[in-house]
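Encoded as structure tokens, the structure appears first; notes follow it.
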Amino acid sequence: MSSEIILFYQILCFIILPFILGGIVRKVRARAQGRKGPKIVQLFYEIKKFLQKEPIDNPASSVFAEISPMVAVYSGLILWSIVIFEWAPFVMIPFFLALYRFAIVSFAMEGGTSFGGLGSGREILLSVMAEPTIILMILAAQSHIEISMTPAGAFIGILFLALSFIAILAELAKPPFDDPRTHLELTMVHEAMLLEASGRTMGYLELASQLKLSALLAFLIKLAVEHSKLFPIGEFGNLYRELAVLPGVILLAILLGYWEANSVRRKWSWVPEFMGLSFLAILILGTLVKLS
């Protein structure tokens, strides 16, 4: 009976979360800044509106400009399904992150605009800095270590998850690595790459971005839940772990909204040094968790 409940719960999360997590982040960010903000489901209406319109393509672009948004959605769906249903090992996540990045960077470079080139260069820089750390997180997720409930073990585990959250911020181009609130194309990453997108193309790219956001946040929650001793071993323990994913992801989205409202972007020269230190810190903490 619990397996049917878990499957129904996973399907429900798979359908609903990509359309509300981004809305939660925007709503919390607006509230933290003293504004009312859009509705939580506003992203669903925006994507629906975009998908109903014909795109206006750049005259210099080729047919790949029409294919790459669908490739991005495909990679986002596969990535999201791996995290939710766990039908494949998590080590596949970097491959579909790379496919998503290849699609969106190719779309940005297809038009030959200067903003597309700027955003693509920054996207590649962030991916080179963040992906080694994400791969290390995945190796920790695929291992059978458990965080002990001693004060030292709990502190190490929380610090490990905090540094993993920083790597996810870099992968998603959130503050302090990027600041979409400025609305300046010269300082943006994703927004600069999507300036040439419109209509159905913009809808596909926005949907792919929300799938990626949901997948990475849910992966971090599963990393925290599955390697703790908070739940009993057995069938009911698996059920409780799955039920903890939804509230955990929503709380993480709320935290991300507050973080966006109160954090600022740092200099790009600061990114490689900080991500290198984060990688070394996660490597050391992962070893300490294994030994604790």
Side-chain angles (χ1 to χ4, degrees), residues 7-33 35-56 66-85 96-97 99-101 103-104 107 168-169 171-174 178 180-181 183 188-191 193-222 242-243 245-261:
L7 180 60
F8 176 77
Y9 182 76
Q10 288 174 336
I11 294 174
L12 194 64
C13 292
F14 183 81
I15 296 173
I16 294 177
L17 281 180
F19 295 106
I20 67 171
L21 285 183
I24 292 174
V25 173
R26 288 164 56 174
K27 188 74 172 180
V28 172
R29 183 179 62 196
R31 289 290 188 181
Q33 295 173 343
R35 299 182 289 110
K36 182 178 179 181
K39 296 184 290 185
I40 292 179
V41 294
Q42 183 63 35
L43 275 173
F44 171 77
Y45 296 117
E46 291 178 3
I47 294 173
K48 180 181 177 182
K49 180 184 69 175
F50 282 132
L51 293 177
Q52 293 173 347
K53 295 183 178 181
E54 290 293 329
I56 300 175
E66 301 178 3
I67 299 174
S68 55
M70 291 182 282
V71 174
V73 172
Y74 165 78
S75 59
L77 282 172
I78 299 298
L79 178 66
W80 180 223
S81 65
I82 289 175
V83 174
I84 286 294
F85 299 110
F96 289 100
L97 285 175
L99 181 60
Y100 168 87
R101 184 168 296 106
I104 192 171
F107 174 82
I168 289 177
L169 290 178
E171 180 67 29
L172 295 173
K174 300 292 185 181
D178 184 32
R181 299 169 300 169
H183 295 287
M188 288 182 174
V189 179
H190 293 311
E191 289 76 8
M193 293 191 291
L194 303 184
L195 285 177
E196 299 298 318
S198 63
R200 187 165 54 248
T201 300
M202 186 64 183
Y204 286 142
L205 293 174
E206 184 64 33
L207 177 59
S209 176
Q210 296 306 314
L211 290 169
K212 179 182 176 183
L213 169 67
S214 304
L216 292 178
L217 294 185
F219 169 68
L220 184 59
I221 294 299
K222 287 201 170 188
E242 289 296 330
L243 293 178
V245 172
L246 179 60
V249 171
I250 291 177
L251 287 175
L252 200 57
I254 293 173
L255 175 63
L256 182 57
Y258 276 108
W259 177 261
E260 288 190 12

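FYI, the numbering just counts along the sequence from 1. Only a predicted model underlies this, so the values are computations on that prediction, with no experimental measurement involved.
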Heavy-atom closest contact (I221 atom, G248 atom, distance): CD1-O, 3.4 Å

Salt bridge (Lys or Arg N to Asp or Glu O under 4.0 Å) partners of K222, counting only residues at least two apart: E86, E242

Pairing residues for F85 by the ring-ring contact (aromatic ring centres under 6.0 Å, His included) criterion, not counting sequence neighbours: F14

For R35, side chain to side chain donor-acceptor pair (under 3.5 Å) partners two or more places apart: Q33

Salt bridge (charged side-chain N to carboxylate O under 4.0 Å, His left out) pairs, two or more places apart, involving residues 12-22: none

Side chain to side chain donor-acceptor pair (under 3.5 Å) against S209, all qualifying residues, sequence neighbours excluded: none

Non-neighbouring partners of E54 that pass side chain to side chain donor-acceptor pair (under 3.5 Å), sequence neighbours left out: R200

Partners meeting side chain to side chain contact (heavy atoms under 4.5 Å, CB included) with I56 (sequence neighbours left out): S198

Y9 OH: over 12 foreign heavy atoms closer than 6.0 Å: yes

Side chain to side chain contact (heavy atoms under 4.5 Å, CB included) involving V73 - partner list, sequence neighbours excluded: L77, Y204, L207, A208

With sequence neighbours excluded, residues passing ring-ring contact (aromatic ring centres under 6.0 Å, His included) with Y74: none

Residue pair L79 / L211, side-chain heavy-atom distance below 4.5 Å: no

All salt bridge (Lys or Arg N to Asp or Glu O under 4.0 Å) counterparts of E171, not counting sequence neighbours: R101, K212

C13 versus P18, closest heavy-atom pair with distance: O-CD, 3.9 Å

With sequence neighbours excluded, residues passing ring-ring contact (aromatic ring centres under 6.0 Å, His included) with F50: none

Salt-bridge contact R26-E46 (side-chain N to carboxylate O under 4.0 Å): yes

Contact list for residues 71-82, test salt bridge (charged side-chain N to carboxylate O under 4.0 Å, His left out), sequence neighbours left out: none

CH2 on W259 to CG on L169, rounded to 0.5 Å: 6.5 Å

